[in-house]
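Residue numbers start from 1 in every chain, and the chains themselves are labelled A, B, ... in the order their sequence lines are given, proteins ahead of strands.
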Protein chains: 2
Amino acid sequence: MKLANEDKGFLALYLDSKYEKPSVTVDAVIFRLINKENKNYRKLPEKKLQVFLTKREYPPFKNYFAAVGSFIDLNNELSESMKLCVKNKVNLDNFYHEQLFTFGDKSRDPRTRVISISYLLLTNEDSVLSNGEWFDIDLKQINCYKEQKENGYSQKQTINLTLKNENSVLENELLIELEKNSLEEKKQIQIKNSTLAFDHIKIIFYALERLKNKLEYTDIIFNLLPEKFTLTELKQFYEVILDEKLLDANFRRKTSKMVQATNEFLTGRGHRSSQLFKHNPNWTMLNLD
Amino acid sequence: MKLANEDKGFLALYLDSKYEKPSVTVDAVIFRLINKENKNYRKLPEKKLQVFLTKREYPPFKNYFAAVGSFIDLNNELSESMKLCVKNKVNLDNFYHEQLFTFGDKSRDPRTRVISISYLLLTNEDSVLSNGEWFDIDLKQINCYKEQKENGYSQKQTINLTLKNENSVLENELLIELEKNSLEEKKQIQIKNSTLAFDHIKIIFYALERLKNKLEYTDIIFNLLPEKFTLTELKQFYEVILDEKLLDANFRRKTSKMVQATNEFLTGRGHRSSQLFKHNPNWTMLNLD
DNA sequence: ATAATAGTGTCTTTCAGACAGTATAGT
DNA sequence: ACTATACTGTCTGAAAGACACTATTAT
C-alpha cells in the first residue's frame, strides 16, 4: 500500500475543502440488566433491561433525553471517539461494544446534515454512571397487518417502545414496514411518535434487535451480568431480553457449555441454596469441543 | 418531535462550521455468482463467486482497483448516494443491498480524514456492468495459531484473499486477531499486504463474512441467482460461497421450503433432466408455516 | 453401455420441547 | 409444614448427518 510518486504530488494539490462535508457524530446505546426491588423475602427479584440516557443541555432538543453521543474528533479513531465521549460524558470506562449502524437521514438533525455512527454498549449492574438516568425498557407490539401478495407478502407493524423510570415515562411509537417479494426485500422503520431527541428511539430499537439476535447465537449476554450468577438468574435475564418464558431443564442443557461452575453457593433465600456459575470464555458458537 | 421555540432561535445562531468535519464516502462491494466455461458436455460448469472492481482514474491509488464508491452528496439520503454512485459509475440499477459497516481509520485515505459507509450489493449473472472488471474470489487460510490462556484464548489467523481474472491477479493478505477472555472480546483485522486501493480489501473481507453468515439463516442467496435454477445449481452456489461440500439429500430437505417447483425442466445435458425451481419469497427464517 | 447428474428412502444421532419428579433452606 | 426456588431424569418428535439406492439421458 505504498503510494506512487505521482500520488504524492497530487496530495500537495489536493483541495480538502472542495467537497461539501457532513458533520459526524458517534452515539452509544448503553444497556444493562438489573434486579428490581424485592418485596417477598423468598421470591427472586424481578429483572429489567435498562438503557442509559442523558438529558440534552443545549438545543436542539434541549431537555429531551438522548443516547450518549458527541461530534467526532478527527484526531481519534471512531471507536476512540466513542470511548472518550462515554468516558467524559457519563464516566463509563469498561464495557463491551460493537458498531451498530450508521444513521444519516437528511433531516435527522435540524441544524445541518449530521451522520451518526452508532454503537451498542453493554455493562453490568456494578458500574456507576453519572450525568443521566437509567430507563426500564418495555417493548410492545400494538398491531400487525400481514398481507399475502401474488409474489410474496407485505407487513406493517406498530410498536410501542416505552422507557420508564421513577422520574419520567417516555412513550415512543415506531412503524415497521416489511416488503418481500421476488424482486425486492425491504425493511423500513419509521418514527411515528417520539419523546426522545433526534431519531434516537430508532437507534435504540436497532440496538435492541441486535441484542436479541446475538443473544441466540453468541455469549454476548455475559457482558450484562456480574461475574458470578446462579443459573436461574441467567435464565431470567434471557427471559427479560427475549420477552418469553423458557423451560428450566432445557435452558440448563443449552447453556451448560457456556458457563463453568464455581464452588460457591448463594444461601439465605428461604429455599434450597443455588450454585454460582461463571462465564466460560472458551465457549465458541461452533462448539468445536 | 416538534422543536421548542427556544430551539428555533438557536438554529439561526448555529455555526455550521465550528466543528471540523470529515469527508464521507459510500463504497459498494458488488458480488455475483457465475458459471465458468464448460469443457465436458456432460459435466456441470464450475461456479465462482465474483466481486466487481473499478480501476481508479485519479490519485490517490491511481490505476489500483477499488470498490465502487464516491463522496456523498449532502442532498441525498445515504442509500440514495450509494445507488446513484453505482448507477453512474458502473451502470447497475437493480440489486439487493444492505449497509455493511462504517470504516473510518485515521489513515485509511492519504488525502484527509475519510469515513466510508460501506454497502453489500448482490446481483446476478444477467446484469451487465460497465467501467470495471469482475474478479473471481479465492479465500485461503494460510495459518492459524490458537493459544489457550488462563481465562480464555487468543487466536491469530493469516488469510490470503486473491482476486483473479483473465487480466490480473490481485493477492492480498489479512491478519485476523481474536482475543477472548472474561474481561474482553476483541476482533481485529489488519491488512498485511494489499494490492487494492485504500483499505478496500478489508471491506471486501467484511462483505464476504456477512454474506457467508447470512447464507446460513436467510434466503439472501436468491439475490445472486437467475429466476429459475436447478437444485443442484443452488447447492453448488451454496458450496462455492461456504467453501464446503454439502450432501445432496440433506440439502434438498433443508432448502425445500425456500423454493417452489416450476413445471419446466432443463434438458440436453447428457443425463437425466432436472426440474427448474424458483425462489419462494413467502419463506421466513422462523418457519412460521 | 456409460458417465454424470437427478432424485428418493431410511437409519442414526443429536437436540429441542414438554413435563414429571426430587431436593432443600428459612420462616 | 409450607413456599419458592434448585436441580435431575426421561419421553417424544423434529431435524441434521451419513449413505445406499434408483432413475434418466446424450453420446
Side-chain angles (χ1 to χ4, degrees), chain A residues 35-36 38-47 215-217 228-240 242 244-277 283-289, chain B residues 35-36 38-47 215-217 228-240 242 244-277 283-289:
Chain A
N35 290 287
K36 305 294 279 188
N38 211 343
K39 38 228 144 203
N40 180 333
Y41 83 101
R42 229 201 271 268
K43 260 201 161 122
L44 285 174
E46 191 199 354
K47 268 70 177 169
L215 223 53
E216 314 231 1
Y217 64 95
K228 290 167 190 168
F229 45 82
T230 70
L231 293 180
T232 302
E233 276 172 355
L234 181 61
K235 173 170 152 263
Q236 291 183 339
F237 284 134
Y238 267 98
E239 288 175 337
V240 148
L242 297 175
E244 62 177 310
K245 284 283 167 208
L246 304 173
L247 290 175
D248 203 49
N250 304 341
F251 178 80
R252 281 161 192 266
R253 252 188 328 208
K254 269 209 329 205
T255 51
S256 62
K257 286 177 181 163
M258 299 202 307
V259 296
Q260 46 190 155
T262 69
N263 293 322
E264 295 164 65
F265 286 79
L266 198 67
T267 56
R269 301 305 189 92
H271 51 74
R272 177 167 167 184
S273 59
S274 46
Q275 193 165 15
L276 287 167
F277 287 78
W283 178 88
T284 64
M285 220 185 311
L286 306 165
N287 273 49
L288 314 164
D289 289 21
Chain B
N35 290 288
K36 303 296 277 187
N38 211 343
K39 38 228 142 206
N40 181 333
Y41 83 100
R42 229 201 270 268
K43 258 198 162 130
L44 287 174
E46 191 198 355
K47 269 69 179 167
L215 223 53
E216 314 231 1
Y217 65 94
K228 290 167 189 169
F229 45 82
T230 69
L231 293 181
T232 303
E233 276 173 354
L234 181 61
K235 174 171 153 259
Q236 290 182 338
F237 283 134
Y238 267 98
E239 288 176 336
V240 147
L242 297 175
E244 62 178 307
K245 284 281 165 208
L246 304 174
L247 290 174
D248 202 52
N250 304 341
F251 178 81
R252 281 162 190 266
R253 253 188 327 207
K254 269 208 334 203
T255 52
S256 62
K257 286 176 183 164
M258 300 202 306
V259 295
Q260 44 190 155
T262 69
N263 293 321
E264 296 164 64
F265 286 80
L266 198 67
T267 56
R269 301 306 189 90
H271 51 74
R272 178 170 169 181
S273 59
S274 46
Q275 194 166 15
L276 287 168
F277 286 78
W283 178 88
T284 64
M285 219 185 312
L286 306 166
N287 274 51
L288 313 164
D289 288 21

Could you go through nucleotides 21-23 of chain D and list every protein N or O atom that sits under 3.5 Å from one of its N or O atoms, giving the distance for each pair?
unit_1	atom_1	unit_2	atom_2	d
dA23(D)	O4'	R272(B)	NH1	3.3
dA23(D)	N3	R272(B)	NH1	3.3

Rounded distance (Å) that lies between atom C1' of dC7(D) and atom NZ of K235(A): 12 Å
Length of the line joining K245(A):NZ and dG17(C):C1', which is rounded to integer Å: 17 Å
Shortest non-hydrogen separation from L44(B) to R269(B) and the atoms involved: CD2-NH1, 4.0 Å
A249(B): partners by side chain to side chain contact (heavy atoms under 4.5 Å, CB included), with sequence neighbours left out: none
Minimum-distance nucleotide (side-chain atoms of D248(B) versus dC7(D), dT8(C), dA18(C)): dT8(C)
Earlier contact from the 5' end, DNA chain C, for R42(B) and R269(A): R42(B)
Closest non-hydrogen atom pair between N38(A) and N40(A), with its separation: OD1-O, 3.3 Å
Gap between atoms CZ and C1', on R253(A) and dT14(C) respectively (whole Å): 11 Å
With sequence neighbours excluded, residues passing side chain to side chain contact (heavy atoms under 4.5 Å, CB included) with S274(B): T230(B), L266(B)
Non-neighbouring partners of E239(B) that pass side chain to side chain contact (heavy atoms under 4.5 Å, CB included), sequence neighbours left out: K235(B), Q236(B), K245(B), L246(B)
Short side-chain to backbone donor-acceptor contact, K47(B) and P45(B), under 3.5 Å: yes
Sugar-phosphate, base or nothing in reach of L44(A), heavy atoms under 4.0 Å: sugar-phosphate
Partner residues of K36(B) under the side chain to side chain contact (heavy atoms under 4.5 Å, CB included) criterion, sequence neighbours left out: I34(B), E46(B), K48(B), Q50(B), D136(B)
Distance in angstrom units between F229(A) CZ and dT5(D) P, rounded: 19 Å
Residue-phosphate contact under 4.0 Å: N40(B) side-chain N/O, dA4(C) OP1/OP2: yes
Nucleotide dT13(C), atom P - distance to CG of N250(B) in whole Å: 15 Å
Global bending angle along the helix from dA1(C)-dT27(D) to dT27(C)-dA1(D), which compares the axes of five pairs at either end, to 10 degrees: 10°
Between dA18(D) (C1') and F251(B) (CZ): distance, integer Å: 17 Å
Residue F265(B), side-chain heavy atoms: nucleotide from dG7(C), dG9(D), dA4(C) that is nearest: dG7(C)
Nearest-nucleotide comparison on DNA chain C, the residue closer to the 5′ end among R252(B) and T267(A): R252(B)
Heavy-atom closest pair, residues N250(A) and R253(A): OD1-NH2, 2.8 Å
T232(B) side-chain N/O to dT5(C) phosphate OP1/OP2 under 4.0 Å: no
Over all atoms of both residues, closest heavy-atom pair of Y41(B) and G270(B): CE1-CA, 4.1 Å
Rounded distance (Å) that lies between atom C1' of dA15(D) and atom OH of Y217(B): 21 Å
Distance, rounded to the nearest Å, where L266(B) contributes CG and dG7(C) contributes P: 10 Å
R252(A) and L247(A), any side-chain heavy atoms less than 4.5 Å apart: no
